[in-house]
Amino acid sequence: MLTMAHDTSAPTGQLIDTFRTIVGDAHVLTDPGATLAFRRGFRFGQGRALAVVRPGTLVEQWRVLQACVKAGVIVIMQAANTGLTGGSTPDGDKYDRDVVIVNSMRMRTIHLIGGGKQVVCLPGATLDQLEGMLQPLGREPHSVIGSSCIGASVFGGVSNNSGGALVRRGPAYTDMALYAQVDAAGDLHLVNHLGIDLGTDAEDILARAEQGAFPDASINWNAGRGHDDDYARHVRDIDADTPARYNADLRRLHEGSGCAGHLGLFAVRLDTFEAEKNPVVFYIGTNQTDVLEDVRRHVLGAFSELPIAGEYLHRDAFNIAEKYGKDTFLVIRMLGTRRLPALFAMKARFDRLFDRMGFMPSHFTDRFMQFMSHFFPNHLPRRMRDYRDRFAHHLMLKVSASGAQEARDFLNSHFAQHEGEFFECTPDEGAKAFLHRFAAAGAAVRYRAVHPRTTEDIVALDVALRSNDREWFEVLPEEIDREIIVKLYYGHFLCHVMHQDYVVRKGNDCMDLEHRMLPLLDRRGARYPAEHNFGHLYAAPDDVRAHYQQLDPCNCFNPGIGQATKRRNWVAESV
């Protein structure tokens, strides 16, 4: 552990000059227009910042953090800024110190170790980049087709315990990280828990981590876990009175994993996974929720081999995604997922340009893309559309080739006795089914953009239901339901993680509506958020706040997460 003492005497102008000396003038942004893209969240959140600093090396990032700690400013560590709860941007202007955003996207290096069985990722590495590196090796990262498609970073997933659709892997997790931490005295330390011997001098350690200077003898293969290797067992506990995975689960909070930005991460070491060959997808439809729950309980409780994924889609979400997610579906089909992050970035640039013009209609790019989607033919397989017309509840069950016969035999037996049907997808149908489910995740946002006169906004909840909860489908009270235009229910069904998007009618208070919904979830024993982390939207429970305080006792890294105090040393804010 290497230490640097603090000194809060540096004036603002001197601090900006120090940043420019470290990273160069072009990578220090102070103009509000130039910093807006970094200060505004992907879906939620915006606030003030003294500067945005974009280091290009780990040594530069260390020196920037040294300068920030010496000056006593708040540091917000930011990667791709694709989070949904505002956790990687400032939140308003009620901070007791200046805020500096340290954006890491210039450092996109990934090192393969152990023949690609593990990776060491630096701060700007993205999931789609990692997926592309592993594909020729027949391996995969923790997450595929999800956050990767919008350019999300590896660090974002680890820092936020992000989940995903893959049943056997659980939340993103590692015991092994290289990070900076500020202690209670305000001193900055570099901590190397990567399980790789990189020396003793801080800048030497960081330079070697960046270069990938990892001789075989320097790597400790017993240093810790590179993923949550207990989750495959844990998710099978279908009688547990608690959710399988959720962001407040202290068992999955360790140093960089689940730190929510309260550490300055430099590198993480993660496991990779052998890619499945020739998986089989079964498409299931029913009008009875208990039929699907029986499927879930048998699959988790009795199958000899866990499925790869089990994704739920309600008919209303199917319909909205069919219309308002069509262009996303078609772009991925035509160009693949690797082009999507660049397209999202280009769309964001056009959005900022049109916003500055003033005379362009709001959400112009969304409206234009929605208009263009009408000129393309129907993109979904006939059998899926037929099931949409006949069934309210849809489940896509993906299994390995070796587990296909067990799944086939069970489904034939189950639906010989219960309401509903299933069909075995062709490879093309299976790919389209899962892609349609992915498109549902952004459909509510597009709906809002296209219908500003009737839509107030979206309330988006990320909910972990109890493993033993048979009454998993939500029924809202009439006084809440009438304020909503459409409800989109979709999620990772085998894990009982549901994404619930509510398009709210014009004139209603979305925050008030959400506050009336949350007690309903509390009474059901649900936990939230399930996998998007607290950000500035959700209140973290006391034990999670205590964990953040232990990581960051001076509250100088990303204060305010989980609606905690933003003040130095966790001093309570006055009411």
Side-chain angles (χ1 to χ4, degrees), residues 1-4 22-24 27 53-69 75 77-80 102-127 129-130 133-134 141-142 153-159 172-182 187-227 254-257 259 261-272 551 557:
M1 180 180 293
L2 299 120
T3 306
M4 193 215 73
I22 296 169
V23 304
H27 302 299
V53 187
R54 303 179 66 237
T57 69
L58 296 185
V59 170
E60 286 183 0
Q61 179 170 303
W62 171 248
R63 291 173 180 172
V64 167
L65 295 183
Q66 286 179 317
C68 289
V69 170
V75 175
M77 300 296 299
Q78 182 187 84
V102 180
N103 181 276
S104 62
M105 292 307 292
R106 293 177 63 211
M107 297 173 285
R108 292 171 55 98
T109 303
I110 298 173
H111 301 298
L112 303 177
I113 60 175
K117 292 183 179 180
Q118 288 191 335
V119 291
V120 174
C121 297
L122 302 196
T126 61
L127 288 168
Q129 175 191 0
L130 178 56
M133 286 185 68
L134 293 174
H142 171 269
S153 70
V154 174
F155 274 30
V158 172
S159 297
Y173 180 87
T174 183
D175 290 333
M176 299 171 285
L178 174 64
Y179 58 90
Q181 184 174 31
V182 178
D187 296 331
L188 182 70
H189 307 274
L190 182 66
V191 180
N192 179 13
H193 286 170
L194 273 180
I196 302 174
D197 184 358
L198 298 169
T200 57
D201 176 77
E203 295 199 356
D204 284 347
I205 289 171
L206 295 168
R208 288 172 183 158
E210 183 142 29
Q211 294 160 8
F214 310 143
D216 289 345
S218 70
I219 302 175
N220 178 1
W221 293 105
N222 297 307
R225 297 178 296 163
H227 77 286
H254 175 74
E255 297 181 349
S257 295
C259 71
H262 279 291
L263 296 173
L265 282 177
F266 290 96
V268 294
R269 179 176 163 187
L270 299 163
D271 292 334
T272 69
L551 291 178
F557 279 101

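Index from 1, following the sequence. Atom set for the values below is all heavy atoms of this structure, side chains included, hydrogens, waters and symmetry mates excluded.
- Judged purely by atom type and a 3.5 angstrom limit, Thr272 uses its side chain to pair as donor or acceptor with the backbone of Lys117.
- Proximity of a side-chain donor or acceptor of Asp197 to a complementary backbone N or O of Gly199 within less than 3.5 Å is detected.
- Residue Cys121 holds its SG atom at 4.5 Å from CD1 of Ile110, rounded to the nearest 0.5 Å.
- Ala223 and Gly195 make their closest contact through CB-CA, 3.5 Å (heavy atoms, listed as atom of the first residue, atom of the second, distance).
- Taking each heavy atom of Ala207 and Val59 in turn, the nearest pair found is N-CG2, 4.2 Å.
- Counting only distance, with no hydrogens or angles, the side chain of Asp175 and the backbone of Arg225 share a donor-acceptor pair below 3.5 Å.
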- prompt: Yes or no on side chain to side chain contact (heavy atoms under 4.5 Å, CB included) for Met107 and Thr109, after CA distance, side-chain angles and deciding distance?
  reply: CA-CA 6 Å; Met107 297 173 285; Thr109 303; 5.9 Å; no
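- Listed for the Glu255 side chain is no donor-acceptor partner under 3.5 Å among the backbone atoms of Ala177.
- At least one donor-acceptor pair closer than 3.5 Å links the side chain of His111 to the backbone N or O of Glu210.
- By the 4.5 Å heavy-atom criterion applied to side chains, Ser159 and Leu263 are not counted as neighbours.
- Of all heavy-atom pairs between Asn220 and Asn222, the closest is OD1-N, 2.8 Å.
- Contact check for Met77 versus Leu65: side-chain heavy atoms found under the 4.5 Å cut-off.
- The backbone N or O of Gly56 lies less than 3.5 Å from a partner atom in the side chain of Glu60, making a donor-acceptor pair.
- Residues Pro55 and Val102 have side chains in contact (heavy-atom distance under 4.5 Å, counting atoms from C-beta outward).
- Between Trp62 and Ile205 the shortest side-chain heavy-atom distance does not fall below 4.5 Å.
- Side chain of Asn103 to main chain of Ala79: a donor-acceptor pair is present (N/O by atom type, distance under 3.5 Å, no hydrogens or angles).
- Closest non-hydrogen pair, Pro141 versus Leu134, comes out as N-CD1, 3.5 Å.
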Pair Leu190-Leu178, side chain to side chain contact (heavy atoms under 4.5 Å, CB included): steps then yes or no: CA-CA 7 Å; Leu190 182 66; Leu178 174 64; 4.1 Å; yes
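- Counting only heavy atoms from C-beta outward, the side chains of Val119 and Val154 never approach each other to under 4.5 Å.
- A distance of 8.5 Å separates OG of Ser257 from CG of Leu265, quoted to the nearest 0.5 Å.
- Residue Ile196 holds its CD1 atom at 4.5 Å from CD1 of Ile113, rounded to the nearest 0.5 Å.
- Applying the ring pair (Phe, Tyr, Trp, His ring centres under 6.0 Å) criterion to His27, with sequence neighbours excluded, gives no partner residue.
- The minimum heavy-atom distance between Ser153 and Ala80, with the atom names listed, is N-CB, 4.0 Å.
- Residues Phe155 and Val268 are in side-chain contact: their nearest non-hydrogen atoms beyond the backbone lie under 4.5 Å apart.
- Listed for the Thr174 side chain is a donor-acceptor partner under 3.5 Å among the backbone atoms of Arg269.
- Using a 4.5 Å cut-off on side-chain heavy atoms (C-beta onward), Leu551 and Phe557 make no contact.
- Nearest heavy atoms, Asn192 versus Leu194: OD1-N, 3.1 Å.
- Note: His142 NE2 to Asp271 CG = 10.5 Å, rounded to the nearest 0.5 Å.
- Summarising the geometry, atom CZ belonging to Arg63 is positioned 12.0 Å from atom CG belonging to Leu58; distances are rounded to the nearest 0.5 Å.
- For the pair Val75/Val69, no side-chain contact is recorded, criterion being any heavy-atom separation below 4.5 Å from C-beta on.
- Rounding to the nearest 0.5 Å places CZ of Arg54 at 9.5 Å from OG of Ser104.
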